Amino acid sequence: RPFYNLMMFPYPSAEGLHVGNFFAFTGADVYGRFKRLQGYQVFEPIGFDAFGIHSENFAIKTGTHPARLIPRNIANFRSQLTRLGGMFDWRHELSTTDPAYYRWTQWLFLQLYRAGKAYRKKAAVNWCPNDKTVLANEQVITGACERCGAQVEQRFLEQWFFRITDYAERLLANLDDPVKMDWSASTTTAQRNWIGRSEGAEIEFAGDAGPIRVFTTRPDTLFGATFMVLAPEHPLVDRITTEAARPAVQAYRRAAAAKDIVTRKVGEKDKSGVPTGGFALNPATNQPVPVWVADYVLMEYGTGAIMAVPAHDERDFAFAVMHQLPIVRVLARPGETGATPVHQAETGETGCRLVNSGPFSELPAGEGFRRIVDWLEQEGKGKGTVQYRLYDWCISRQRYWGPPIPIINCRGCGPVAVPEQDLPVLLPEIADFQPDDSGISPLARHKEWFEVPCPRCGQPAHRETDVSDTFLDSAWYYLRYLSTELGNRPFHPDRMKRWLPVASYIGGNEHAVLHLLYSRFIAMVLCDQGLLPFEEPFRRFRAHGTIVKDGSKMSKSRGNVVIPDRYLARWGADSFRMYLMFLGPYEEGGDFRDEGLAGPRRFLDKVWELVQQCEQRTSAGQEVHQGIVVKWHQTVKRVTTGLKTLSYNTAIAALMEFLNALRAVNCSERRMVKDMVVMLAPFAPHFAEECWERLGGAGSVFDASWPAWDEALTVEHKVEIPVQVNGKTRSKITVPRGAAESTVLAAALRDRQISKFLDGKQPKKVIYVKDRLLNLVVGS
RNA sequence: GCCGGGGUGGCGAAAUUGGCAAACGCAAGGGACUUAAAAUCCCUUGGGAGCAAUCCCUUGCGGGUUCGAUCCCCGCCCCCGGCACCA
């Protein structure tokens with residue numbers, strides 16, 4: 001009964017594990033231990049995601065080489081994780097920086113390359129002219145370099161991409177397949193939005209310099225397209241621009257190119273733009289419309305060109321007003337003629353009809369959409385299409401601390417894959433891993449490393465000097481865990497079949513789109529290549545919540561960061577684990593307060609007392625209080641379902657209640673105490689182990705079996721039900737379970753309180769919910 | 001702006017998704033034990049009125065549906081997270 005219990009492996013920072021990590025790992029570990037107690041063979045691996053910009057930046061800051069920094073950090077993490085008490089299988093530990101690991105990351109790149117899913121193209125990157133380095137988007141703060149404050153510019157570099165967009169439809173479709181994916185809804189919606197499917201049409205406008213293709217989600221508004229806008233990078237800009245307009249257009253394009261990507265996309269949303277002087281024909285009206293260039297149109301989305309419908313699009317409207325372009329209304333709400341001038345942008349909401357749209361006028365918007373697409377297809381001027389917001393995955397990093405991309409560039413042969421037997425392409429340990437004036441990637445300064453013969457023709461060639469994105473490392477680590485000792489292959493097919501897909505994956509929702517989407521994509525490609533027997537790697541995924549301190553997110557600048565080590569030393573790992581699991585619903589997180597730790601600790605102390613009482617008594621038997629038996633069945637049920645649904649806080653509450661019940665009747669019956677210890681074990685493994693031994697349990701408590709409850713015994717024979725008059729509870733009566741309405745009603749009518757409120761009147765209506773409540777309605 | 005998650009005692013939170021609101025825990029107050037303190041144990045603790053039995057009010061705000069709403073519907077307000085010129 002294999003059960004793969006996965007949690008997101010940490011990035012080994014110099015600061016050590018923070019409470020968020022502890023919370024994440026404890027919750028996942030509790031689940032793994034629970035499954036083990038239920039009789040599953042649980043595989044719970046751990047590893048380190050140690051490549052990447054974070055480590056590199058820290059190394060630059062402290063002047064320590066990452067190759068020495070990382071092992072130190074990992075050693076610290078290992079000891080913290082051990083103290084936490086995770087059920088980790090250390091035999092399968094891995095680090096992405098280990099050549100025995102990244103050899104296969106490079107192999108993975110080659111599989112994608114062979115499958116035609118990896119390609120090279122020029123793309124914009126953020127470039128700091130002062131530090132002479134490429135920056136990640138997160139390192140650009142309002143257009144300036146995070147480190148030196150210099151204005152960041154855009155550069156176009158040749159980079160490697162993965163064709164994740166080829167999989168957009170499948171990535172989307174599987175989200176709705178409950179057999180393949182049982183995921184937190186918040187995560188699947190995040191992925192849906194990220195993939196961003198839009199249905200619409202591609203339409204061709206005949207232009208002065210050849211046809212211009214646009215994508216629109218609203219072909220029904222075609223008659224309202226009064227101008228067109230090209231992205232500054234659009235290839236047709238040069239050709240369509242008239243001589244008179246050329247200086248202005250060129251200046252505009254230069255200015256757009258100088259803006260960094262972040263400012264360009266999220267900065268001020270002014271609708272700047274210049275006319276090209278050229279025109280194109282609106283295929284519906286046959287009227288010429290002016291063609292403009294503006295950077296609010298992005299080259300990366302759709303066709304890089306739009307038809308502008310200012311009457312019904314907010315951005316086009318703002319642009320038209322600013323540049324005094326015509327606005328023609330083609331949608332009207334019920335009762336409107338459409339002749340009224342438009343002062344603000346309107347979208348075609350439900351109930352809108354087409355107006356000013358020739359033969360399509362008067363059609364409802366939805367039907368107009370379909371009819372216009374049909375017409376475009378007949379005329380050969382367009383077709384219905386689907387667009388995705390998802391972009392291809394750029395995996396090139398002009399950095400040092402990552403796996404070198406296994407490609408050799410040859411003047412004659414072009415890019416050539418490094419032969420598999422030559423893998424890994426080792427990352428050389430260089431002293432000058434910091435960026436400086438000399439070039440693009442630090443590796444590009446090391447001729448002795450990048451100058452190699454072409455594997456195909458033998459002529460002098462050079463290695464790719466970029467390294468790959470860390471997200472590629474983490475996109476397949478769960479496959480490697482199972483085969484860490486194998487030197488000659490990335491993973492063993494038999495083990496893939498037996499252990500995968502992952503039965504439970506728990507992690508933070510900050511990875512809802514990148515890591516979790518990339519991993520799915522990589523699995524799909526490998527599946528299509530016949531290398532994996534499944535296409536969805538994580539059958540069940542749950543996003544855990546976040547821990548805040550005093551109502552706000554923990555951060556160094558706020559000074560409210562909780563250092564877990566202190567708490568472990570003071571309260572013990574088990575109290576700490578229990579507290580973390582008790583402070584709120586696991587999928588929501590909660591507020592960390594120092595005072596709260598006392599509760600779980602006191603609870604464990606009381607259990608300990610109970611165990612000692614059992615030890616001191618030699619005779620195993622003790623009379624068991626009748627009410628306790630019902631409580632026992634209820635507790636087993638509540639704890640079991642709580643663990644299943646990750647409602648750890650209520651599972652712990654149930655255990656506390658059970659303890660209180662035992663103490664109330666002074667019961668320390670050994671079998672019950674043993675069962676409680678078993679149910680406690682996922683949360684407090686060290687403590688439970690000790691108790692188990694003292695109670696005379698055989699072997700480890702984790703070899704015990706999980707108690708089973710009897711549904712029939714979870715209910716009392718007698719129930720107390722509230723009696724309401726006009727919906728307000730006025731009394732409570734105790735009746736046998738399952739009592740008939742007549743019995744309960746008779747008992748209620750005998751009740752003094754009730755007769756007082758009835759005041760001699762007969763109830764007009766009686767509502768009886770068996771074992772729940774009785775409501776007598778007399779009217780006012 | 002769009003998407004997602006929330007708003008319940010002094011605090012963290014429960015509530016079988018329409019049936020006794022506040023389980024469990026923290027903190028606070030009172031008491032027991034102690035020379036004293038800590039620890040432990042017992043009691044009280046949503047707000048208001050009352051000597052009391054008891055009554056009235058209370059799940060962000062305003063409406064609605066219902067015998068009955070923390071839960072469903074409509075209209076708002078606020079907080080957290082993500083995405084954001086996506087045509």
Side-chain angles (χ1 to χ4, degrees), chain A residues 184-190 192-194 196 198 200 214-218 221 225 229 231 264-271 294-298 300-309 313-316 318-319 387-391 509-510 512-513 543 545-546 548 550-553 578-579 582-585 587-600 602-603 605-606 609 637-638 641 647 649-657 659-660 663 720-732 753 756 763-769 771-779:
Chain A
S184 289
S186 57
T187 314
T188 52
T189 35
R192 255 179 227 112
N193 294 342
W194 187 263
S198 296
V214 300
F215 172 74
T216 177
T217 53
R218 298 302 301 271
T221 63
V229 184
R264 166 83 185 273
K265 281 194 172 173
V266 306
E268 9 55 275
K269 293 177 180 174
D270 69 334
K271 292 289 172 286
D295 68 1
Y296 83 91
V297 174
L298 307 172
E300 306 93 273
Y301 187 76
T303 62
I306 62 157
M307 64 176 213
V309 184
D313 180 277
E314 221 178 301
R315 296 150 303 168
D316 297 346
F319 194 84
Q387 268 292 327
Y388 299 94
R389 215 196 64 126
L390 183 70
Y391 300 129
N509 231 0
E510 68 271 19
V513 283
T546 45
V548 297
D550 307 320
S552 52
K553 216 172 160 179
M578 280 202 96
Y579 173 61
F582 185 60
L583 56 62
E587 287 172 272
E588 280 167 39
D591 201 344
F592 189 97
R593 314 182 121 252
D594 289 15
E595 306 92 325
L597 273 146
R602 281 203 271 262
F603 166 70
D605 286 342
K606 287 175 199 167
E609 217 172 88
K637 181 181 178 179
R638 286 175 64 194
T641 53
S647 314
N649 54 334
T650 54
I652 292 171
L655 287 168
M656 288 174 166
E657 271 186 60
L659 175 82
N660 292 344
R663 284 163 63 91
E720 189 187 50
I721 66 168
V723 181
Q724 303 181 333
V725 178
N726 287 336
K728 292 196 173 177
T729 304
R730 297 302 181 184
S731 184
K732 288 169 188 180
Q753 271 296 113
K756 185 176 129 198
K764 278 195 220 154
K765 195 170 170 186
V766 176
I767 290 127
Y768 176 59
V769 183
D771 301 333
R772 284 243 177 270
L773 123 165
L774 180 73
N775 186 11
L776 307 176
V777 184
V778 289

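This one's a predicted model, so the numbers in the text were calculated from it and none came from an experiment. Note on naming: letters A, B, ... go to the chains in the order of the sequence lines (proteins, then strands), and numbering restarts at 1 for each one.
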Any side-chain heavy-atom pair from I721(A) and Y768(A) closer than 4.5 angstrom?
yes
Under 4.0 Å between any heavy atoms, over every strand shown, what does P585(A) touch: base, sugar-phosphate, or nothing? Just pick one.
sugar-phosphate
Which is true for E510(A) with a 4.0 Å heavy-atom rule: it touches a base, it touches only sugar-phosphate, or it touches nothing?
nothing
Among rC85(B), rC83(B), rG4(B), the one nearest any side-chain atom of D295(A) is rC85(B)
Taking rC56(B), rG19(B), rA84(B) as options, the one with an atom nearest any side-chain atom of R730(A) is rC56(B)
Which nucleotide in rC3(B), rG19(B), rC24(B) has an atom nearest any side-chain atom of A653(A):
rC24(B)
Can you tell me how far P in rG46(B) sits from the matching atom in rG10(B), rounded to whole Å?
10 Å
Quote, to the nearest angstrom, the P distance that separates rU70(B) from rC80(B).
27 Å
Would the base of rC20(B) count as contacting K732(A) through its side chain, where contact means a donor and an acceptor less than 3.5 Å apart?
yes
Is R663(A) touching bases, backbone alone, or none of the nucleic acid, heavy atoms closer than 4.0 Å?
sugar-phosphate
Taking the side chain of N660(A) as heavy atoms from C-beta outward, which of rA27(B), rC24(B), rC86(B) is closest to it?
rC24(B)
Per atom distances to the N775(A) side chain, the nearest of rA15(B), rA87(B), rG19(B) is rG19(B)
Where RNA chain B forms stems, i.e. three or more consecutive Watson-Crick or G-U pairs with both distances under 3.5 Å:
B:1-7 with B:77-83, B:10-12 with B:24-26, B:28-32 with B:40-44, B:46-49 with B:54-57, B:60-64 with B:72-76
Measure from the side chain of R389(A), starting at C-beta and using heavy atoms only, and say which of rG19(B), rA87(B), rA84(B) lies closest.
rA84(B)
Scan R192(A) against the nucleic acid and name what it touches under 4.0 Å (heavy atoms): base, sugar-phosphate only, or nothing.
nothing
Mind telling me if rG9(B) is syn or anti? Syn here is a glycosidic angle within 90° of 0.
syn
Looking only at rG25(B), rU16(B), rA87(B), the nucleotide nearest the F582(A) side chain is rG25(B)
